[in-house]
Amino acid sequence: MPTPSRSALAGLALAAMVAMPALADGLKDEIAPTGKLRVAIAISPAGGAFWSTKTEAGYTGVPIDLGKAMAAQLGVSVEYVVHQNSGQITDAAGKGTWDVTWLPKDPERETKMLFGPIYEVADATYIVKPGSIVANFATLDQPGIKVAAVNATTTMRGAIAHLKHAKVTGYQTYDEIFGLLRSGEIDAFALSRDQLNKMAQKIPGTRVLDETFKKTVTAVAVPLGHSQALAFVTKFMTAAVTNGTLRKAYDNNGLKDAPIRTE
């Protein structure tokens with residue numbers, strides 16, 4: 001016959017077993033309310049730690065690999081919700097169309113979503129069109145100079161704040177700006193240096209300026225009010241940096257030589 005103390009211990013153990021699934025279900029209700037982890041991504045051939053790329057088989061990119069690993073840890077399937085840029089992802093943050101994303105962070109976006117750990121720090125600068133006489137920021141920031149940026153992004157806001165005389169115009173897609181730069185219809189394009197260096201290889205005669213006008217930080221994010229989800233994605237990303245998950249995602253997506261920069 002069990003003693004009272006043993007009965008009490010057994011009761012506590014049973015209560016704990018019952019409570020643990022309840023906590024897990026509560027998290028899943030918040031982070032995967034449709035039964036799938038909906039990962040917001042932005043599509044572009046630019047690559048890097050933020051952009052994803054469409055392929056014949058689906059999508060590739062650092063957020064693709066991280067989303068897949070996160071969904072596996074939650075025990076749910078993953079669904080990718082496609083956008084043209086990070087501004088569109090931000091605009092959808094309060095609409096309930098996505099559950100988690102990885103994108104550049106800035107004060108304006110912090111009013112619309114909750115951010116976890118930073119996993120990438122990039123230098124923002126400009127690439128100038130083929131044959132341009134622009135050699136630095138001083139010669140770029142002149143009346144009549146046309147600078148493009150991806151619309152409603154952290155980089156666009158940074159370029160507008162940086163340039164006092166040149167005109168900054170937002171466009172929806174990387175591909176559109178690529179075409180305008182190649183044809184010489186714009187004078188420059190603001191983006192992160194690593195992505196512009198890749199662009200320069202594809203458009204002969206372009207040049208990436210040496211100076212940096214902004215440090216862009218990229219982090220995991222969830223919609224406002226999702227505190228349980230934030231705690232989970234924070235723990236996931238902290239572990240991803242130390243257990244090799246993030247390094248593997250970089251290596252799988254053309255970033256083998258890119259260091260992981262968290263500050």
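Just so it is clear, the values below take in all heavy atoms, side chains as well, and ignore hydrogens, waters and symmetry mates.
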Check: Near Lys248 NZ, under 6.0 Å, is it more than 12 heavy atoms from other residues, nucleotides or ligands?
Finding: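 No - once you tally the heavy atoms of other residues, nucleotides and ligands closer than 6.0 Å, there are 12 at most.
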
Next item on the list: Determine whether more than 12 heavy atoms belonging to other residues, nucleotides or ligands lie under 6.0 Å from atom CG of Asp257.
Entry: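 No, the 6.0 Å shell around CG holds no more than 12 heavy atoms from other groups.
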
Determine whether [X] and [Y] make a side-chain contact, defined as any pair of heavy atoms from C-beta on separated by less than 4.5 Å.
| X | Y | value |
| --- | --- | --- |
| Glu211 | Asp123 | no |
| Asp91 | Lys112 | yes |
| Thr90 | Met113 | yes |
| Lys214 | Thr154 | yes |
| Ile31 | Gln228 | no |
| Pro45 | Asp175 | yes |
| Met199 | Thr206 | no |
| Arg261 | Lys215 | yes |

Check: When you look at Trp98 and Ile41, which way does the side chain to side chain contact (heavy atoms under 4.5 Å, CB included) test go after all the steps?
Finding: CA-CA 10 Å; Trp98 58 261; Ile41 59 172; over 6 Å; no

Under 4.5 Å between side-chain heavy atoms, counting indirect links through other Ile/Leu/Val/Met/Phe/Trp/Tyr residues: same cluster for [X] and [Y] or not?
| X | Y | answer |
| --- | --- | --- |
| Leu191 | Ile203 | yes |
| Phe232 | Val241 | yes |
| Val220 | Val62 | yes |
| Ile177 | Ile43 | no |
| Met156 | Phe50 | no |

Next item on the list: Give the intermediate values and the outcome of side chain to side chain contact (heavy atoms under 4.5 Å, CB included) for residues Glu110 and Leu224.
Entry: CA-CA 9 Å; Glu110 288 183 282; Leu224 288 177; over 6 Å; no

Nearest 0.5 angstrom please: [X] [atom1] to [Y] [atom2], how far?
| X | Y | atom1 | atom2 | result |
| --- | --- | --- | --- | --- |
| Ile89 | Thr97 | CD1 | OG1 | 9.5 Å |
| Glu30 | Leu230 | CD | CG | 9.0 Å |
| Arg109 | Leu114 | CZ | CG | 14.5 Å |
| Leu181 | Ser132 | CG | OG | 9.5 Å |
| Thr216 | Lys105 | OG1 | NZ | 13.0 Å |
| Lys54 | Tyr80 | NZ | OH | 13.0 Å |

What heavy-atom pair brings [X] and [Y] nearest, and what distance separates the two atoms?
| X | Y | answer |
| --- | --- | --- |
| Pro63 | Trp102 | O-CZ3, 4.0 Å |
| Thr101 | Ala40 | OG1-O, 2.8 Å |
| Ala124 | Thr155 | CB-CG2, 4.4 Å |
| Gly116 | Ala219 | O-CB, 3.6 Å |
| Val168 | Ala149 | CG1-CB, 4.3 Å |
| Tyr126 | Ala188 | CB-CB, 4.4 Å |

Check: What pairs with Asp106 under salt bridge (Lys or Arg N to Asp or Glu O under 4.0 Å), at least two apart in sequence or on another chain?
Finding: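 Arg157.
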
Checklist line | Steps toward side chain to side chain contact (heavy atoms under 4.5 Å, CB included) verdict (Asn136, Asp210) | finding: CA-CA 7 Å; Asn136 51 40; Asp210 292 334; over 6 Å; no

When you measure from the side chain of [X] to the backbone of [Y], do you find a donor-acceptor pair of N or O atoms at a distance under 3.5 Å?
| X | Y | answer |
| --- | --- | --- |
| Asn85 | Gln172 | yes |
| Lys164 | Ala161 | yes |
| Asp99 | Leu37 | no |
| Asp141 | Ala166 | yes |
| Arg193 | Leu209 | yes |
| Lys28 | Leu74 | yes |

Note to self: Under 4.0 Å between a side-chain nitrogen and a carboxylate oxygen: does that hold for Asp187 and Lys146?
What the structure shows: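 So Asp187 does not pair with Lys146 through a salt bridge.
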
Note to self: Please verify the inter-ring angle class for His162 with Phe213; under 30° counts as parallel, over 60° as perpendicular, anything in between as tilted.
What the structure shows: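 If you compare the ring of His162 with that of Phe213, the planes turn out parallel.
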
Check: How far apart are the C-alpha atoms of Phe189 and Phe178, what are their side-chain angles, what is the distance that settles it, and do they pass the ring-ring contact (aromatic ring centres under 6.0 Å, His included) test?
Finding: CA-CA 8 Å; Phe189 177 20; Phe178 183 97; 9.1 Å; no

Check: Between Asn151, Leu180, Val150, which is the residue that forms a side-chain contact (heavy atoms from CB on, under 4.5 Å) with Tyr171?
Finding: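 When side-chain contact (heavy atoms from CB on, under 4.5 Å) is applied between Tyr171 and each of Asn151, Leu180, Val150, only Leu180 qualifies.
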
Next item on the list: Begin with the C-alpha distance, continue with both residues' side-chain angles, and end with the deciding distance and a verdict on side chain to side chain donor-acceptor pair (under 3.5 Å) for Ser192 and Asp194.
Entry: CA-CA 6 Å; Ser192 66; Asp194 58 343; 2.6 Å; yes

Next item on the list: Could you list all the salt bridge (charged side-chain N to carboxylate O under 4.0 Å, His left out) pairs where at least one residue sits in residues 75-89, not counting sequence neighbours?
Entry: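 Every pair satisfying salt bridge (charged side-chain N to carboxylate O under 4.0 Å, His left out) with a residue in residues 75-89: there are none.
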
Check: Please walk me through it: do Ile133 and Thr139 pass side chain to side chain contact (heavy atoms under 4.5 Å, CB included)?
Finding: CA-CA 8 Å; Ile133 61 170; Thr139 52; over 6 Å; no

